[in-house]
Amino acid sequence: MSEENKPLNFIEHIIEEDLANGLSKAKLRFRFPPEPNGYLHIGHTKAIGISFGLGETYNAPVNLRFDDTNPSKEEQEYVDAIKRDIAWLGYTWANEVYSSDYFKKLYDWALQMIKDGKAYVDSQSSEVMAKQKGTPTQVGTNSPYRDRSVAENLDLFTRMKAGEFPAGTHLLRAKIDMQDPNMLMRDPIMYRIMYANHHRTGDDWCIYPMYDWTHGESDYIEQISHSLCSLEFKPHRKLYDWFKEHVYNYSKTELPLAPKQREFARLNLSYTIMSKRKLLRLVEEGVVSGWDDPRMPTISGLRRRGYSPNSIRKFIEKVGVAKRENVIDVSLLEFCIREDLNKTANRAMAVLNPVKVVITNYPEDKVEWLEAENNQEDAAAGYRKVPFSREIYIEKEDFKEEASTKFFRLKLGGEVRLKNAYIIKANSVVKDDNGEITEIHCTYNEDTTKKIKGTLHWVSIKHAVTAEIREYDRLFMHESPDSDKDKDFMDFINPDSLTIKTGFLEPSLARAKVGEQFQFQRLGYFNVDTDSRPAALVFNKTVGLRDSWAKQKPKPQANAPQNKPKQPQQERAAISIIQQFGKKYTNLPEEKQAKVKLEIQELAKKVTYDELEPLFGTALKKAGTRIATLIALKVLLKNGLERNDAVNEFISKALEDKNDLLVAEAKTL
RNA sequence: UGGCCUAUGGUGUAACUGGUAACACAUCUGUUUUUGGUGCAGAAGAGUCUAGGUUCGAAACCUAGUGGGCCAACCA
């Protein structure tokens, strides 16, 4: 990491401050703590990037800790997938650890808590307990079991562990405060009885610790200095600290460092969902082919789609770290992968919507193997040979019988360059009974030095290899599919998120291997899918090229609902528009100022005195707003408003102002 | 008895202990180009949610309001 004067994010500021306050740099230690209950997605990448990134910048260890305290949801398959994904991203963890490694230690501490009167066994049903808990606006009430004796609690708890009670009969709770405004402090559960086989500890335990009682303590055991998590854990911090203080008291000699939790805003990406539960639904209901479907925002999906680790890391670096809710535009992710692939992917030619071109003055049997540059961005990439013959395919969209001069492609009577080959001129077309063009007859010219505006990609028909081409569109048609209060996210699924075509590729691509990436020139970046076989190639479209031509034509595309769900354009109050104009007024160029003034005068007709009066109090320094107010006021006065004290005071204050514009405006009254 | 976060161009993030808003994406020009890609040059777009206050000076500090988010699982 080579950031010299890169601005720090708020977490780095905190660390710098801790360091300045005497924390030894050697004590810095971070962790990434996924629950192995699903696949990692792009949202996790942010958390990974933050903690592992911090590890890299401070040269500090980062643990990979599996938070495996709920055996009913966790599986080894997920552990393996998570490790694979993190490694693929290029990060290395100092230790692979598991919360379940600490079950014994946690149990011993819990015993200690009971002895200190800080925890008790409750024996009520979950329904009753839920009632006692209260609501965010209503305090809770104490459990009748809250004051059991230490001896009874100890007895019950050890018997819970011994498996003497059925699930749901008893719980261990921390004794804090049922009236705390923070609901997490209302005697939170520390242990529940659960007879489930754990993927690591098997049947050793039948009581399992809850998240709050496990997470901070695991941080503490590992001597994590900064425990970074997402914003929704902010309310947990109070409990985190409460538990921490107690265990710190028990163990401070062998475990001297008390970790601190800090929270950052999680990543949201437009047009996608980021909840493991919902992603699981897409998999289970067959909307996608699996966790690694190229449309999925999972790391494995992105990988299969052709996103490189580099591009994802770059993306995370660019989105930054802060505490406010955010929705990142997918275009940023796309920018990152294009930027990466532009430098690394070899170019090739492929035609996806073919139309046949016959070069009538090119001999029937002649074949030329022309030289083509693999990647002009990378001198080391070298050259390859591409066959040229009398009959070739070009894209249907690259030909029009008639077109304006803005269309740089092929039209009747027009010339165009074939990439890596000759210049051709279109002379006539052959159509079928439906009027569809079946052949375009052209003549070629060997002189390639001529200046020509358009260049097309093409492929020799008799040399072409075919391949299945999978093109993807966004999975959802809504910018934030899971934020709608009334509709289920499944209602926004884009029915056309996958398009399968047969493409015709230049023959060099026949040898392409799984995972290999190419730029199909003028089309986009493609990689070889894991389904691909030498005799049956399959390509995924990773991302298209930027296309400023496509933007110009009105897109009749039904499957690109890129318009934001605009708020029901309610009419803005004239007064608020005037205010807005006012803010800009003083630094507008003169002609624009005149224009804005006219607009304000127009708007002022719709403004009442009552709306305007509050603006008289506008702070002195906001000259623009006061000018706008004054302009509007003049309109009102002209329309018969009587001067009153407030008006007079406002005007006289304006006359004395240091802003010339304001004074000039006031003088005309 | 409700509490806690949060608010800066369209989007995301900056602005070190207060000195008049920067960077990236997106958008738009022009230029280069055997990719309507890339590169290069440039433009437009924000008085920092609102109203007060402190200050010579506030995006930053204080107060109040408003908007958004989170919190009531024997999930994490």
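Note that these values count all heavy atoms, side chains included, but never hydrogens, waters or copies made by symmetry. The chains referred to below are lettered A, B, ... by the order of the sequence lines, with proteins before strands, and numbering in each begins at 1.
The one candidate from A:Asp68, A:Leu64, A:Ile48 that meets the side-chain contact (heavy atoms from CB on, under 4.5 Å) condition with A:Pro34 is A:Leu64.
Looking at A:Glu263 and A:Gln261, their side chains do bring a donor and an acceptor atom within 3.5 Å of each other.
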Protein N or O to nucleotides 15-18 of chain B N or O, pairs below 3.5 Å:
| residue | atom | partner | partner atom | Å |
| --- | --- | --- | --- | --- |
| B:A15 | OP1 | A:His13 | NE2 | 3.4 |

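A:Phe526 and A:Phe520 have parallel rings, their planes meeting at less than 30° on a 0 to 90° scale where 60° marks the start of perpendicular. Ring geometry, A:Tyr98 versus A:Phe66: the interplanar angle falls under 30°, so the pair is classed parallel (tilted spans 30 to 60°).
Between B:G37 and A:Ser548, a contact under 4.0 Å exists linking OP1 or OP2 to a side-chain N or O. Taking only side-chain nitrogens and oxygens, A:Lys451 comes nearer than 4.0 Å to OP1 or OP2 of B:U33. Note on A:Arg237: every side-chain N or O is 4.0 Å or more away from OP1 and OP2 of B:C4. Contact annotation: A:Lys323 reaches the phosphate of B:U6 (side-chain N/O to OP1 or OP2, under 4.0 Å). Between A:Thr69 and B:C75 there is no side-chain N or O to OP1 or OP2 distance below 4.0 Å. Side-chain nitrogen and oxygen atoms of A:Arg192 include at least one within less than 4.0 Å of the OP1 or OP2 phosphate oxygen of B:A76.
Within the 6.0 Å centre-distance limit, the rings of A:Tyr78 and A:Tyr39 are counted as a close aromatic pair. Checked against the 6.0 Å centroid criterion, the rings of A:Tyr211 and A:Tyr240 do not qualify as a close aromatic pair. For A:Phe315 and A:Tyr307, the ring centers sit 6.0 Å or farther from each other. Here the two rings, on A:Phe157 and A:Tyr191, have centers that are under 6.0 Å apart.
Stacking between A:Trp549 and B:G36 is present: the aromatic ring centre lies within less than 5.5 angstrom of the base six-membered ring centre, and the two planes differ by under 30 degrees.
A:Met210 comes within contact range of the sugar-phosphate backbone alone, with a heavy-atom separation under 4.0 Å but no base atom that close. The residue A:Val319 sits close only to the backbone: its heavy atoms come under 4.0 Å of sugar-phosphate atoms, none of a base. Residue contacts for A:Leu171: at a heavy-atom cut-off of 4.0 Å it reaches a base atom on one of the strands shown. When heavy atoms are screened at a 4.0 angstrom cut-off, A:Gln521 is found touching base atoms of the nucleic acid. Contacts of A:Ser126 with the nucleic acid, taken as non-hydrogen atoms under 4.0 Å apart, include base atoms. Note on A:Asn182: nothing from the nucleic acid sits closer than 4.0 angstrom, heavy atoms only. In this structure, A:Gln519 reaches the bases: a heavy-atom distance under 4.0 Å links it to at least one base atom across the strands shown.
Between the base of B:G37 and the side chain of A:Arg338 there is no donor-acceptor pair shorter than 3.5 Å. Remark: the A:Glu377 side chain and the B:G37 base include a donor-acceptor N/O pair separated by less than 3.5 Å.
For the pair A:Arg173 and A:Tyr120, the cation does not sit on the ring face, since its NZ or CZ is not both under 6.0 Å from the ring centre and inside 45° of the axis. For the pair A:Lys419 and A:Trp458, the cation does not sit on the ring face, since its NZ or CZ is not both under 6.0 Å from the ring centre and inside 45° of the axis.
Here B:G37 presents its C1' atom at 15 Å from CD of A:Glu334, a figure rounded to the nearest Å. Following rounding to the nearest Å, A:Asn374 (CG) and B:U34 (P) show an atom-to-atom distance of 18 Å. If you measure from atom CG of A:Leu269 to atom P of B:U13, you get 13 Å, rounded to the nearest angstrom. The CE atom of A:Met194 sits 7 Å away from the P atom of B:A76 (whole-angstrom rounding).
The side chain of A:Phe407 approaches B:G36 more closely than any other nucleotide in the set B:G2, B:G36, B:A76. Here B:A26 is the nucleotide among B:A26, B:A72, B:C70 with the atom lying nearest to any side-chain atom of A:Arg546.
The backbone N or O of A:Asn353 sits less than 3.5 Å from a side-chain atom of A:Glu395, completing a donor-acceptor pair.
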Open item on the list: Could you write out RNA chain B as dot-bracket? Rules: Watson-Crick or G-U wobble, both distances under 3.5 Å, brackets [ ] for crossings, | for pairs with another strand, dot for unpaired.
Closed with: .((((((..((((.....[..)))).(((((.......))))).....(((((..]....))))))))))).....
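Nearest-nucleotide positions on RNA chain B for A:Ile452 and A:Phe335 put A:Phe335 closer to the 5' end. Residues A:Ala322 and A:Asp67 both approach RNA chain B. Their nearest nucleotides, taken by heavy-atom distance, put A:Ala322 toward the 5′ side.
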